[in-house]
2 protein chains.
Amino acid sequence: MSEPGSSNAHGETRPFRVRSSTAEWAAAILRQRVTQGGLPPGSRLAEDELTAELEVSRNTLREAFSLLGHERLLEHRFNRGVYVRVLSPDDVADIYRVRRMIEGAAVRRPDKDPISLTALRDAVSDAERVAAEGRWLDVGTADLRFHQLIVSFNGSRRVDAMMAQLMAELRLAFHAMDPRGLHAPFLPRNRELLGLLESGRNAEADALLATYLDDAERLLLAVCA
Amino acid sequence: MSEPGSSNAHGETRPFRVRSSTAEWAAAILRQRVTQGGLPPGSRLAEDELTAELEVSRNTLREAFSLLGHERLLEHRFNRGVYVRVLSPDDVADIYRVRRMIEGAAVRRPDKDPISLTALRDAVSDAERVAAEGRWLDVGTADLRFHQLIVSFNGSRRVDAMMAQLMAELRLAFHAMDPRGLHAPFLPRNRELLGLLESGRNAEADALLATYLDDAERLLLAVCA
DNA sequence: CTTATCAAATTGTTCAACAATCCCTACATT
DNA sequence: AATGTAGGGATTGTTGAACAATTTGATAAG
């Protein structure tokens, strides 16, 4: 290791000198555990356990909880503790309602940034490559990146941030499904969508995206309900 | 008073039995001071002062800061304290970019909830009434409510929440302007927009809204820059 | 005029204690 | 058996104090 630091029982290192706060460090660890499935939706996060395990004070841990709560990954019930969020069917429907709005608006835009287009190509290629290797979790990551990049055509920091939050929420639902069945059907459609975007056929891209999102929503609702 | 509670130097009562937390109570007070102009943008919020004034501990105050920071009303500079957010021209531009997207999408929707339409009528009438009385701050509130209701046609909790946050941010910029010059020009246009929505002329409503938002953005940018 | 140094003030983080609330269990009542 | 109602243990909410780290402003040296 090039950076000095203390390590805890789980091997996660905690740097001595960090620019960001200890709370953000703790939040990063918990975020990873949630998004990677180590902490399934509905799990309770007890303060006693985690302060001992992460070796941070209760106050810092609670600040980390607050951060993840605002990302909608954790749910804070007053006097009852924090839980990993459980997505309801209503949540899934709402998330896809927003996706249709902000991805649709992005796709319909006439002016597409060429730099983002190359990033888009990379995301599709990455997804196909890791799919060939059977790494379906990474396929999911590349897929989310693809759609995040589409949203970025809107050119709005705030919309980008909202999309990032929606993607984090969606990961919660992903863990309830077979990752291959979830992502495999959408790989060729991402490739097709990319082609339409490159050639500027915005109306067709819009239509394809709409059916794409409808199908994805249906898939998740079938599990989530 | 029907509810028992302790009161501080500013007359804000703090109920003994609350379902929500003390931090949220403190956040509510600070939120009010920010949105009503008591704390102008750029103000520093010193921990010492506020712990004494609100009679809460430093930890809970910092939790309140965290809450308002996530609402983008306060800005936290590491090791330098928290400040009331100052909107940059980029911020204003971004906010109106998002408004065009989510209000535009709402206006274009064919299915409008009749209940929301009556609420919309009330908002316009309220704005006109308080304008006649010269209460321009309340005009601003009614105007924001009008546009929040428009957004609600999208039928998405998350989009509603985003719009609420944008409105809170916009209030920050409002304080830098003469409230009459800011709101008076838009009263008749809200009335006109309402008429178009009621008669289902969505395309015309969309066009009117677009110029409305362009003009409003220009007005705020002139001050903010 | 610039740079270096130091002290005061403020924020970042932790800890320990106590208050408030929830949850579960046992018991009583119908 | 079902419901209701105290306890008591466990967990969270809140506080105040303490110390570390950083910024800030003033002062002194070059």
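Just so it is clear: chains get the letters A, B, ... in the order the sequence lines come, proteins before strands, and each one is counted from 1.
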- Query: Going by distance alone, is a donor N or O of one side chain under 3.5 Å from an acceptor N or O of the other, for B:S88 and B:D91?
  - Reply: yes
- Note on the structure: ring pair (Phe, Tyr, Trp, His ring centres under 6.0 Å) with B:Y212: of B:F146, B:F186, B:Y96, only one passes, and it is B:F186
- Item | From B:V98, B:I150, B:V151, B:L144, residue fulfilling side chain to side chain contact (heavy atoms under 4.5 Å, CB included) relative to B:M163 | B:V151
- Query: Where along residues 59-69 of chain B does a heavy atom fall under 4.0 Å from DNA chain D?
  - Reply: B:N59, B:T60
- Quick check: are there more than 12 heavy atoms from other residues, nucleotides or ligands sitting under 6.0 Å from CG of A:L137? no
- For A:F78 and D:dT14, give me the distance from atom CZ to atom C1', rounded to whole Å. 10 Å
- Among C:dG12, D:dT14, D:dT15, the one nearest any side-chain atom of B:V56 is D:dT15
- Quick one: is B:T22 getting a side-chain N or O under 4.0 Å of the D:dT14 phosphate, OP1 or OP2? yes
- Query: Between B:E55 (CD) and D:dG13 (C1'), how many Å, whole number?
  - Reply: 18 Å
- Query: Within this structure, what is the CZ-to-C1' distance between A:R58 and D:dT11, rounded to whole angstrom?
  - Reply: 8 Å
Any N/O pairs under 3.5 Å between the protein and nucleotides 7-10 of chain C? List them or say none.
from   : atom 1 : to    : atom 2 : distance (Å)
C:dT10 : O3'    : B:R44 : NH2    : 3.1

- Please say whether more than 12 non-hydrogen atoms of neighbouring residues, nucleotides or ligands are located less than 6.0 Å from CZ in A:R109. yes
- Query: So, is A:H76 close to the D:dT12 phosphate, meaning a side-chain N or O under 4.0 Å from OP1 or OP2?
  - Reply: no
- Query: If only atom types and distance count, is the side chain of A:N190 paired as donor or acceptor with the main-chain N or O of A:D143 below 3.5 Å?
  - Reply: no
- Message: Treating B:R171 as the side-chain partner and B:T35 as the backbone partner, does any N or O pair qualify as donor plus acceptor under 3.5 Å?
- Response: no
- Message: Give me the atom names and distance for the closest heavy-atom approach of A:A23 to A:A64.
- Response: O-CB, 3.5 Å
